[in-house]
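Structure first, commentary second.
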Amino acid sequence: MFGIGGSVFFSTIRGKENTPENENEYFTVSIITALAVVLIFWIGFLRFDRQILSLFGANEELLQLAKRYLFPIKFVLPTYLLGQLLAAFLRNDGNPALATVLTGGVFNIFGDCFFVFVLNMGIQGAGLATAIGSVISLGIMATHFLSKKNTLKLVIVHNFGQKLRKIVAAGFSTFFVDVAKGIVTVLINNQIMKYSGAEALSVYGVIVNISTCAQGCAYSIGQAAQPIISINLGAEKWQRIKTILKYSLITAAVFSIFWSGITLLFPVPIIKIFMSATPEVINLAPKIFRLYCLSFLLLPLNVFSTYYFQSILKPKTAFTVSVCRGLVISGSMILILPVIGNDIGLWLAMPVTELLVAIIVIYYMRKYTKQLGQ
């Protein structure tokens, strides 16, 4: 929320000529607010870790394991938020390669193997690998402040509250997408158990992983396009924005074809990559994949659209799309369609959601793109 929201205004102001505003005021507001928020979460997590873990479903048997896993992580909790925040600003400050550095993630993977198995640390070793990986990622990104490319700096802020409201409004839709994802997962988990059973839930677990990859591709389009669109919006280079939009939509179409194609054509091989599947799971997988994964046809467009609307300073529309896709339409379809069509209705809930949201997205995208320069 603070990273995307603040960086949109950072680039928009940078693209303007003869403006009294300093783009680094938005960077400063984002940093100060993020630090205040993470401090509250950090204190709360250190004080109420047991209660939080219980809220997320840990019983007495799992609680001790969960606490051991989280013990190293709780000491570096701020690095997660600050890493996301800094990555957004690095993309807008001409250093996207550093924003996407993979070193921390790669260390996490190999650190898991080393700490858990070689040093025999068990689940706490996995937590340690995760914690160190996050610190490494933030540390590498922080080297941007030592480079000649860097223009980010803390400055005196005028009208702090007004700028914060603008940042939150611009970034809230991205924030809501991730929050709503958890709510929808809980809803659909319960509906699957009601209408289809545990075998179907295991298939859905695989689909969630594939969906995360597809959604990540859509994020990449939006995060790459946002700095370019924002700075050209400030510079009033309307044709450049339309060109970037065209390239973004073409890329989204490629991702749509790719993810839809592999999931519709190869459901059983995909299942076997993730698990030693029972015959029941193998029988269920093709039907579930070929219904649910139709949603991948429109998912990249709908996810990218929120970044586009944020970039052209249409936060209300970005929020509307996020809420409709993330909770209102998706939640309604998950609850209503199974009543009408049993398990088939359940698996069609997300394709229907993406279709209805795409109608809204296309309408507003055409409308606002035509208005550029008017």
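Looking only at distances, a side-chain donor or acceptor of Glu25 sits under 3.5 Å from a matching main-chain atom of His158. Looking at Ser305, its side chain does come within 3.5 Å of a backbone N or O of Asn302 through a donor-acceptor pair. Using modelled atom types, no side-chain atom of Asn342 and backbone atom of Ile344 make a donor-acceptor pair closer than 3.5 Å. A side-chain donor-acceptor contact under 3.5 Å links Asp93 to the backbone of Thr151. Thr12 contributes no side-chain N or O that, together with a main-chain N or O of Ile231, makes up a donor-acceptor pair within less than 3.5 Å. Looking only at distances, no side-chain donor or acceptor of Thr369 sits under 3.5 Å from a matching main-chain atom of Arg366. A side-chain donor-acceptor contact under 3.5 Å links Trp42 to the backbone of Lys74. Using a distance-only test at 3.5 Å, with no hydrogens or angles considered, a donor-acceptor pair links the side chain of Thr130 to the main chain of Ala126. In this structure a side-chain-to-backbone donor-acceptor pair under 3.5 Å is present from Ser330 to Arg325. A donor-acceptor pair under 3.5 Å links the side-chain atoms of Asn283 to the main chain of Pro279, judged by distance alone.
Applying the side chain to side chain donor-acceptor pair (under 3.5 Å) criterion to Lys166, with sequence neighbours excluded, gives Tyr26. The side chain to side chain donor-acceptor pair (under 3.5 Å) search around Thr317 returns Tyr368, not counting sequence neighbours. Every residue two or more places apart in sequence or in another chain that forms a ring pair (Phe, Tyr, Trp, His ring centres under 6.0 Å) with Phe75 is listed here: Phe71. Checked against side chain to side chain donor-acceptor pair (under 3.5 Å), Ser322 has no partners two or more places apart in sequence or in another chain. Under the rule for a side chain to side chain donor-acceptor pair (under 3.5 Å), the partners of Ser134 that lie at least two apart in sequence or sit in another chain are Thr79. By the ring pair (Phe, Tyr, Trp, His ring centres under 6.0 Å) test, Phe89 is found to be paired with Phe10, Phe27, residues two or more places apart in sequence or in another chain being considered.
With values rounded to the nearest 0.5 angstrom, Arg47 atom CZ is found 10.5 Å from Ile52 atom CD1. With rounding to the nearest 0.5 Å, the separation of CG in Asn232 from CD1 in Ile241 is 6.0 Å. Note: His144 NE2 to Leu152 CG = 4.5 Å, rounded to the nearest 0.5 Å.
Between Tyr307 and Tyr219, the ring-plane angle classifies as perpendicular under the 30° and 60° cut-offs.
The closest side-chain donor-acceptor pair between Ser230 and Gln226 falls under 3.5 angstrom.
For Phe175 and Phe172, the gap between ring centers is short of 6.0 Å.
For the pair Phe304 and Thr251, the minimum side-chain heavy-atom distance is 4.5 Å or more.
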